[in-house]
Every structure is written in structure tokens, then in C-alpha cells.
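Below you'll find the structure, written out as C-alpha cells, and then a few comments.
Below, all heavy atoms of this structure are taken into account, side chains as well, without hydrogens, waters or symmetry copies. Not measured: the values here are computed from a predicted model.
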Protein chains: 2
Amino acid sequence: MTTEPSTSTRSEPDAVARILAAAATLFAEHGYDRVSMNQIAAAAAVSKANVFHHFSSKKELYLAVVRGACNAAERLRTLGEPGGPVSRRLPDYAEGMLRDMLEHDQIHRLMMRELLTDRDDRFDRDLAERVFGDTFARLVAILRSAQETGELRREIDPAMVATLLIGASVFFFQSREVLRHFPDVRFAQDPSGYSRMLVDLLLNGMAATAEPATRKIRKDAV
Amino acid sequence: MTTEPSTSTRSEPDAVARILAAAATLFAEHGYDRVSMNQIAAAAAVSKANVFHHFSSKKELYLAVVRGACNAAERLRTLGEPGGPVSRRLPDYAEGMLRDMLEHDQIHRLMMRELLTDRDDRFDRDLAERVFGDTFARLVAILRSAQETGELRREIDPAMVATLLIGASVFFFQSREVLRHFPDVRFAQDPSGYSRMLVDLLLNGMAATAEPATRKIRKDAV
DNA sequence: GTCTATATCGCGATAGAC
DNA sequence: GTCTATCGCGATATAGAC
């Protein structure tokens with residue numbers, strides 16, 4: 001007769017959800033080893049014993065958090081499927097990827113941390129890898145089809161382009177705080193400018209054309 | 001009268017050196033938090049107390065290791081100064097950078113770990129950043145001079161190219177174990193092939209040229 | 001489900017003999 | 001300089017009342 005959703009006494013936003021949220025934030029910020037169950041419990045406003053009641057170990061809690069992050073990351077990737085010339089889709093794709101990372105900073109930091117951890121130290125040895133691999137494969141497929149329509153040079157290895165595109169975005173994401181301090185860098189706080197320049201560079205290269213006179217109008221003002 | 005180098009009893013390759021070497025390996029492999037002074041002492045074949053005798057804390061030992069890695073990384077960077085057309089020097093530069101990273105895996109893992117650590121959690125807040133910044137600034141200077149001689153397009157931001165070049169190398173370095181598992185990727189174990197493709201892509205772009213006959217003209221597909 | 005209280009362990013760091 | 005032995009603390013994890 002009551003409106004109780006399940007077994008909860010009457011209940012807050014659900015202790016489990018609070019624990020997961022607190023753990024996600026802390027793990028993303030500081031990494032597994034620098035976060036204690038005490039901190040997580042405090043941040044979630046529950047007792048430490050309660051955390052252990054819901055998650056049998058710290059490791060298991062961490063896994064639950066990483067799984068959540070991977071699922072979320074997978075759900076975010078809706079772009080890329082519909083058609084159109086790649087040279088038009090690519091800027092959006094790159095900018096979308098970068099914006100996703102920045103907006104869902106936490107999720108992606110967790111995923112990147114997991115990918116960069118030595119395989120033997122990792123808890124789940126291929127979850128993040130699988131999610132990342134899917135994104136990668138989809139991007140390669142798009143590039144390959146653009147080669148078949150003749151839009152992109154055939155000598156190029158599409159996996160190479162995908163690596164470069166993703167790598168440049170990941171590197172920007174990881175290093176923006178460091179890059180910000182370099183006097184030469186003006187794009188550290190302008191992700192959309194960065195991805196536009198990135199795609200332009202990838203498409204057109206940086207070598208000067210031989211005859212400036214006959215140049216086919218390339219004035220992508222940066 | 002004796003041949004004793006200094007104060008050592010008679011001594012092995014020097015306990016301090018052994019400790020530093022063991023610590024460097026372990027820190028590079030697993031990170032600061034997952035390595036204990038016990039492990040380091042065991043790997044260096046000395047007692048834990050002896051480690052504390054030479055380094056007053058774990059933190060200080062770690063700092064000594066990172067400083068050593070940064071110095072080593074700085075010493076490695078001899079390329080880039082002499083002249084010549086950038087389009088010829090760049091492939092060597094990129095390949096050299098990548099080969100350095102792979103050959104001195106340990107040093108660079110340590111430096112990257114330090115760069116990717118949140119600024120507030122970092123022990124030395126700008127050592128690695130300074131070393132990395134020097135490399136970056138030197139590369140930017142080379143690219144900028146190539147723009148002034150007209151070899152590279154003037155609209156391009158040299159810092160952008162440097163970011164892309166370094167980012168692509170760093171990403172390859174970090175992710176080669178993951179990339180190796182992707183069916184589309186054939187270059188994961190061929191760093192020199194990777195850097196050649198990388199520079200070619202950066203110089204010439206991937207867009208198909210409109211008229212293969214008059215190929216100097218590269219038409220923007222956009 | 002949630003708490004307080006406690007067990008147990010391994011860590012960084014120290015004391016003091018040799 | 002090097003060792004053995006040990007301290008003190010905070011970590012994960014558990015026991016058991018409510």
C-alpha cells in the first residue's frame with residue numbers, strides 16, 4: 001500500500017547510487033590507490049560498513065564504477081552512422097568526440113586510466129578495451145568507405161587516420177592543463193578550434209602548395 | 001692507499017645506484033602507489049632500513065628517480081638543431097622521438113605518468129612539465145622557421161602541428177599494447193612505419209587530389 | 001539496511017646494535 | 001653503511017546490535 005519502491009526504509013536517492021557517484025568522482029580524480037573506503041563513505045554520507053554491505057570489496061566497487069563508465073561512454077557514441085561526404089562529417093565527429101570527453105570528463109578519465117593501466121595490473125582486463133575498440137572500428141569503417149568512393153587517397157591506411165584522430169583528441173584531453181602553460185599554445189581552452197584545425201590539417205596537410213597562384217582557394221581562416 | 005672509491009666498505013655496484021635502478025623499474029611499471037619500500041629494498045637486495053638511510057622518505061626517493069628520468073630524457077634530445085628542409089628532417093625527428101620513447105621505455109613511462117598526474121597530486125609540480133615544454137618549444141621554433149622560408153603553409157598554427165606530432169607519438173607509445181589487439185591495426189609493432197605514415201599524412205593530407213595529372217594543386221574537398 | 005566497534009594486516013618510518 | 005626488530009598508523013574488511 002505504501003509508495004516504497006522496494007526494500008528501502010523510505011530512502012534518499014538510494015545509498016547505492018550515492019556510493020557509486022561518490023566513488024566515480026573520487027576514482028576519476030585521484031585513481032584507485034589514492035582513494036580510501038573511508039573517503040568514499042564520507043562523500044556518500046553513509047558509514048564505511050554500509051559501503052562494504054553493498055560492495056563486497058573495494059575492488060568490486062571499482063569494477064562497478066568502471067562498468068558504469070564504459071556503458072555511459074558507449075551510450076554517448078551515436079554519431080557517425082548516417083551518410084554524407086566524410087570531409088563534412090569529420091569536423092563534427094572530431095568536435096563531438098572532444099566535447100563528449102570534456103563534458104563527461106569523469107567517465108572518460110576513468111576509461112583512460114583503465115586503458116593506460118598495465119594489462120596485468122588491471123582488474124577487468126578487457127572491458128574498456130572492448131568499448132574503445134568498437135569506437136575505433138566504427139571510425140575505420142567510415143574512413144574506408146570514403147576511400148572506396150574516391151573521396152580519400154587510397155594509399156592512406158584508414159586505421160592510421162583513426163589512430164591519429166583519436167590520439168590527437170585523447171592527447172588534447174589529457175594534456176590541456178599542461179599545454180595551457182606553454183606560451184606557444186593558444187588553443188588549450190578552445191576545443192572546437194582545436195578539432196577544426198586538426199581535421200583541416202588531416203585533410204589538407206601542411207606542406208605549401210607549389211604554385212600559390214593556381215591555388216584552389218584554401219582560406220580556412222584559423 | 002687502497003683503491004676504494006670513497007666510503008664504501010668495498011662494495012658492489014653501489015647500493016644507492018641499485019636502489020635507484022630498482023625503484024625506477026618498479027615505479028615506471030606500476031606507479032608510485034602500487035610499489036612499497038619493501039619491494040624496492042628486496043629488488044635492490046638491501047634492507048628496507050638501508051633505503052631509508054639513503055633517502056629520507058619514499059617521496060624523496062621517487063623524486064630522485066623522476067629527476068634522473070627527466071635529465072636522461074633531456075640528454076636524449078639532440079635532434080632538430082641543424083638546418084635543412086623540414087620535410088626531410090621531420091620524418092627523422094618523428095621516428096627518433098618514437099624510437100627514444102620505446103628504447104628508454106622506463107624513463108618515458110615515468111615522465112608521462114608524472115605529466116598525466118593531476119597537478120595537485122603531483123610531487124614536483126613542474127619538473128616534467130619544464131622538460132616537456134622545452135622539447136615542445138624547440139619543435140615549434142623549427143616549424144615556424146619553415147613557415148618563414150615558405151616551405152609550410154602560413155595559415156597553419158605551428159603549435160598545433162607540434163601538438164599533433166607529439167600527441168600522435170605519445171598516444172602510440174601509450175596505446176601500442178591496446179592497439180595491437182585491434183584487427184584493423186597493422187602498424188602497432190612497426191613504429192618506424194607509423195612515424196613515416198604520420199609525417200606523410202601531416203605534410204600531404206589525406207584528401208584525394210582532384211586532378212592527378214596536375215597534382216601540385218590540392219583541392220579542398222570541403 | 002544501517003550503524004558502532006573492532007580485528008587484522010601491511011605500510012612508511014625509526015631505534016639502535018654492529 | 002648496513003642490518004634486525006619494532007613502532008604507530010591507516011588501510012580493508014568483519015562482527016553484531018538496531
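- Between the C1' atom of C:dT8 and the CE atom of A:Met37 lies a distance of 16 Å, rounded to the nearest Å.
- The residue B:Val51 sits apart from the nucleic acid: no heavy atom pair falls under 4.0 Å.
- The CD1 atom of B:Ile19 sits 10 Å away from the C1' atom of D:dG1 (whole-angstrom rounding).
- Taking the ring centre of A:Phe52 as origin, the terminal cationic atom of A:Lys58 falls outside the region bounded by 6.0 Å and 45° from the ring axis.
- No side-chain donor from either of A:Gln189 and A:Tyr194 sits under 3.5 Å from a side-chain acceptor of the other.
- Nearest to the side chain of A:His54, among C:dG1, D:dT14, D:dG1, sits C:dG1.
- Between the CD1 atom of B:Ile40 and the P atom of C:dA13 there is a distance of 11 Å, rounded to whole Å.
- Atom pair A:Leu26:CG and D:dA11:P shows a separation of 13 Å (rounding to whole Å applied).
- In this structure, A:Val16 reaches neither bases nor backbone, as no heavy-atom distance under 4.0 Å exists between it and the strands shown.
- Heavy-atom distances to DNA chain D give each of B:Asn50 and A:Ala49 a nearest nucleotide, and the one nearer the 5′ end belongs to B:Asn50.
- One atom, CZ of A:Phe52, and another, P of D:dA13, lie 5 Å apart when rounded to the nearest Å.
- Between A:Asn38 and D:dT12, a side-chain N or O to OP1/OP2 separation shorter than 4.0 Å is absent.
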Q: Verify salt bridge (Lys or Arg N to Asp or Glu O under 4.0 Å) between B:Arg122 and B:Glu129, making sure each step is shown before the conclusion.
A: CA-CA 11 Å; B:Arg122 231 183 278 164; B:Glu129 207 163 308; 2.9 Å; yes
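- Judged purely by atom type and a 3.5 angstrom limit, A:Glu95 has no side-chain atom pairing as donor or acceptor with the backbone of A:Asp92.
- Taking atom CZ on B:Arg34 and atom C1' on C:dC11, their separation rounds to 16 Å, with Å as the unit.
- Nearest to the side chain of A:Lys48, among D:dC3, C:dA13, D:dA13, sits D:dA13.
- By the 6.0 Å contact criterion, CZ on B:Arg125 is open, its count of non-hydrogen atoms from other residues, nucleotides or ligands being 12 or less.
- Using a 4.0 Å heavy-atom cutoff across all strands shown, B:Ser36 reaches sugar-phosphate atoms only and no base atom.
- In this structure, B:Leu61 places its CG atom 10 Å from P of C:dA13, rounding to the nearest Å.
- Listed nucleotides: C:dA13, C:dG1, D:dT2. Nearest to the side chain of A:His53: C:dG1.
- Nucleotide C:dC11 holds its P atom 13 Å from the OH atom of B:Tyr32, rounded to whole Å.
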